[in-house]
There are 2 protein chains.
Amino acid sequence: MISKKMKYALKALLFIAAQEGEQVKTKDIAEQAMIPKKFLEQILLELKKGGIIASRQGNTGGYYFLKKPSEVSVADVYRLIDGPIALISCISKNFYEPCSDCPDEASCTIRQTMLEVRDQTLAVMEKTSIADMMN
Amino acid sequence: MISKKMKYALKALLFIAAQEGEQVKTKDIAEQAMIPKKFLEQILLELKKGGIIASRQGNTGGYYFLKKPSEVSVADVYRLIDGPIALISCISKNFYEPCSDCPDEASCTIRQTMLEVRDQTLAVMEKTSIADMMN
DNA sequence: ACAAATTCTACTAATCTTATAGAATAAATA
DNA sequence: TATTTATTCTATAAGATTAGTAGAATTTGT
């Protein structure tokens, strides 16, 4: 299951993308997408640090897309917010870590299946952009 | 990411399956598969309640497969130990729950993508049995 | 009776999730 | 320049989940 944070992140990005380049206020996103405003602030900040969106401060400030919505995949957002897409860390592309209880990675019997799941999940998440989800 | 519990469950089932019908002691599984014994006890109990394995008590007791290893899928184990396979509860087959922040399920823009991920993940997990993983 | 296994219930430390609070900073405008 | 209204930053915290531990009760074979 994805976290609420991830779900909020996607909904927020979809809302910003729908405004077609215009700056969007946190308050508006929070109200329209039913997201607690203070929690949303943190999420938008993470998306900003991840290079997906940018912001302008001050009175007329707000958030806007840095990349094109068609160039931001669900996988990008997932990795930024929820971390590894793989179901076990020893097969993760971006978050690899060896398993402490695994003496030999090559002979691990559950690895192959988890690899298949990872590949299938990734195929969907990488091919789907924020722009794709808007339709 | 799957929980350690889920990983341990799979490794334990694989170990039991490898003994070909014989009863296996918790202690042996724990040692061979590098799983904390007391934690493993709980996991085996859950697998038993889920109808995958059965046990005999007493001096010569132990665990053995109730179903055939070829009839237990990774999806079965996952649902028992880690719960929903779907990434959001509103598309889960076995653990459906509506989203509190979603006014209208049909118009939800992230639902379609999550549905695709679910279908792909499920395809792998349902076609793969414990017996399949042994090779 | 004894030994060795499973069973059952409770507890716990640590981490993660889901927020909330409030002060600091920045920009527009009156 | 003072005010207003945004974002930014840092800290805190309640609740849930994870990953285990502890110990007594029960069962079975010898």
Side-chain angles (χ1 to χ4, degrees), chain A residues 1-12 16 19 22-31 33-50 52-64 66 78 80-84 87-89 95 97 99-101, chain B residues 1-12 16 19 22-31 33-50 52-64 66 78 80-84 87-89 95 97 99-101:
Chain A
M1 302 268 283
I2 61 173
S3 66
K4 282 201 175 180
K5 207 168 168 182
M6 173 65 187
K7 196 182 172 194
Y8 291 159
L10 286 177
K11 287 174 72 175
I16 298 173
Q19 313 311 308
E22 279 185 41
Q23 279 174 36
V24 187
K25 293 189 196 309
T26 308
K27 193 186 168 194
D28 293 336
I29 307 172
E31 284 172 4
M34 308 252 295
I35 304 169
K37 195 193 164 211
K38 275 295 196 178
F39 195 18
L40 178 59
E41 274 182 25
Q42 288 188 355
I43 296 166
L44 292 172
L45 230 31
E46 281 187 54
L47 293 172
K48 187 188 171 183
K49 276 177 193 156
I52 294 174
I53 54 177
S55 69
R56 249 176 70 87
Q57 275 192 314
N59 194 11
T60 55
Y63 287 91
Y64 56 93
L66 196 56
Y78 193 100
L80 199 60
I81 303 295
D82 273 355
L87 291 182
I88 42 177
S89 62
F95 298 86
E97 268 184 48
C99 298
S100 59
D101 60 319
Chain B
M1 303 270 282
I2 61 174
S3 65
K4 282 202 174 181
K5 206 169 170 181
M6 173 65 186
K7 196 184 172 192
Y8 291 159
L10 286 177
K11 287 176 73 175
I16 299 173
Q19 313 311 309
E22 278 184 40
Q23 281 174 33
V24 186
K25 295 191 195 308
T26 308
K27 194 186 167 195
D28 293 337
I29 307 172
E31 283 172 5
M34 309 252 295
I35 304 169
K37 197 193 161 210
K38 276 295 197 179
F39 195 20
L40 178 59
E41 275 182 25
Q42 288 187 353
I43 296 167
L44 292 171
L45 230 31
E46 281 187 53
L47 293 171
K48 187 188 171 184
K49 277 179 191 152
I52 294 174
I53 55 178
S55 69
R56 250 175 69 86
Q57 273 190 315
N59 195 11
T60 56
Y63 287 91
Y64 55 93
L66 197 57
Y78 193 101
L80 199 60
I81 302 294
D82 273 356
L87 291 182
I88 43 177
S89 61
F95 299 85
E97 268 184 48
C99 299
S100 60
D101 59 321

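Letters go in sequence order (proteins before strands), and every chain restarts at 1.
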[X]: partners by side chain to side chain donor-acceptor pair (under 3.5 Å), with sequence neighbours left out:
X	result
Ser55(A)	Lys48(A)
Lys4(A)	none
Glu41(B)	none

Item to check | Interatomic spacing from OG in Ser3(A) to CD1 in Ile88(B) - rounded to 0.5 Å | outcome: 12.0 Å
Item to check | Atom pair CD1/CG of Ile29(B) and Leu44(B) - distance to nearest 0.5 Å | outcome: 5.0 Å
Counting side-chain heavy atoms from C-beta on, which of [options] comes nearest to [X]?
X	options	value
Arg56(B)	dG23(D), dG29(D), dC9(D)	dG29(D)
Lys38(B)	dC9(D), dA22(D), dT27(D)	dA22(D)
Glu41(A)	dT8(D), dT7(D), dG23(D)	dT8(D)

Item to check | Closest-nucleotide ordering on DNA chain C, the 5'-leading residue of Thr60(A) and Leu40(A) | outcome: Leu40(A)
Checklist entry - In terms of the nearest nucleotide of DNA chain C, which residue is placed more toward the 5' end: Gly58(A) or Lys37(A)? => result Lys37(A)
Separation of [N] [atom2] from [X] [atom1] (nearest whole Å):
X	N	atom1	atom2	answer
Leu45(A)	dT10(D)	CG	C1'	11 Å
Lys7(B)	dG20(D)	NZ	P	11 Å
Ile35(B)	dG20(D)	CD1	P	10 Å
Asn59(B)	dA25(D)	CG	C1'	17 Å

Next on the checklist: Students often get this wrong, so: under 4.0 angstrom with heavy atoms, is Lys49(B) touching a base, only sugar-phosphate, or nothing?
Outcome noted: nothing
Next on the checklist: Once you apply a heavy-atom cut-off of 4.0 Å, does Lys27(A) come out as touching a base, just sugar-phosphate, or nothing?
Outcome noted: nothing
Checklist entry - Do Leu66(B) and Ile52(B) come within less than 4.5 Å of each other through their side chains, counting heavy atoms only? => result no
Item to check | Contact check, side chains of Thr26(B) and Tyr63(B), non-hydrogen atoms, under 4.5 Å | outcome: yes
Checklist entry - Which is it for Lys5(B) and Glu46(B) under the salt bridge (Lys or Arg N to Asp or Glu O under 4.0 Å) test, yes or no, and what are the steps along the way? => result CA-CA 10 Å; Lys5(B) 206 169 170 181; Glu46(B) 281 187 53; 2.7 Å; yes
Listing time: all N or O pairs from protein to nucleotides 16-19 of chain D that are below 3.5 Å?
from: dA19(D); atom 1: OP2; to: Lys4(B); atom 2: N; distance (Å): 3.2

Next on the checklist: Between the base of dT7(D) and the side chain of Gln57(A), is one N or O donor paired with an acceptor at under 3.5 angstrom?
Outcome noted: yes
Next on the checklist: Using a 4.0 Å cut-off to any heavy atom of chain B, which nucleotides of DNA chain C are the first and last in contact, reading 5' to 3'?
Outcome noted: dA4(C) to dA10(C)
Next on the checklist: Which residues pass the ring pair (Phe, Tyr, Trp, His ring centres under 6.0 Å) test with Phe95(A), not counting sequence neighbours?
Outcome noted: none
